[in-house]
Each structure stands twice: as C-alpha cells, then as structure tokens.
Colleague: 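Quick one: the structure is below, and I'll ask about it shortly.
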Amino acid sequence: MKVKVTVMYKSGVLDPQGKAILGALHRLGHTEVTDVRAGKVLELSLPKLPKGQLEKKMKAMCEELLANPVIEDFRFETAE
C-alpha cells in the first residue's frame, strides 16, 4: 500500500522557502499571488495494515522523523 504524507509549517511559523517562491513569482510578473506556503510530500510503500494499526504507525513515524511537531503539521492518506 502507498501512503502519502504531507508536511507543512504550522500557521504563524516563518516559511522562508514560501517567501522566496512568492518573491520569485512576483519578479516573474505573477503579482496576483498573495501568499505561498511551502511544504513537502512523501510517499511511503508499506505492507497492507489494519486501519487503526496504520494510523498509529504513521503518527509515530511523522512525530519521530518525518515532521517536526513543534513547527510543522502533518497529514497522511492512503493511495491503494
């Protein structure tokens, strides 16, 4: 099974990559863009697990390695 994990900075946390992208878009003439938040998407391949076990395992992986829970939010979804 494939699991897609999305990690984004929490609201209110400085996002320098998002600000750099916004500045670049404006320099290219795309001034209608008012904000950019940058994050990351990871795709993991796992053996099929029961839903509760998968959620517990994914939460542990995100909190221990894939995201920094102090400054980042994460979510995950399965793609069968």
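Keep in mind that this is a model prediction, so the values were computed, not measured.
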Colleague: Rounded to the nearest 0.5 Å, what separation is found between the CD atom of Glu43 and the NZ atom of Lys2?
Modeller: 5.0 Å
Colleague: Quick check on the hydrophobic clustering: are Phe76 and Leu46 connected, directly or via other members, by side-chain heavy-atom contacts under 4.5 Å?
Modeller: yes
Colleague: Enter the distance from Arg75:CZ to Met8:CE here, rounded to the nearest 0.5 Å.
Modeller: 7.5 Å
Colleague: Is the backbone of Val33 close enough, under 3.5 Å, to the side chain of His26 for a donor and an acceptor to pair up by distance?
Modeller: yes
Colleague: Nearest 0.5 angstrom please: Tyr9 OH to Asp73 CG, how far?
Modeller: 12.5 Å
Colleague: What residues form a side-chain contact (heavy atoms from CB on, under 4.5 Å) with Ile21, not counting sequence neighbours?
Modeller: Gln17, Leu25, Val36, Ala38
Colleague: Going by atom type alone, with no hydrogens or angles, which donor-acceptor pairs under 3.5 Å involve a side-chain atom of residues 53-68 and a protein atom two or more places apart or on another chain?
Modeller:
from, atom 1, to, atom 2, distance (Å)
Lys59, NZ, Glu63, OE2, 2.7
Asn68, OD1, Val70, N, 3.0

Colleague: Other residues, nucleotides and ligands only: do more than 12 of their heavy atoms fall within 6.0 Å of CZ on Arg37?
Modeller: yes
Colleague: Where is the tightest heavy-atom contact between Val7 and Phe74, given as atom of each residue plus distance?
Modeller: CG2-CB, 4.2 Å
Colleague: Atom OG1 in Thr78, atom CG in Leu44: separation rounded to 0.5 Å?
Modeller: 12.5 Å
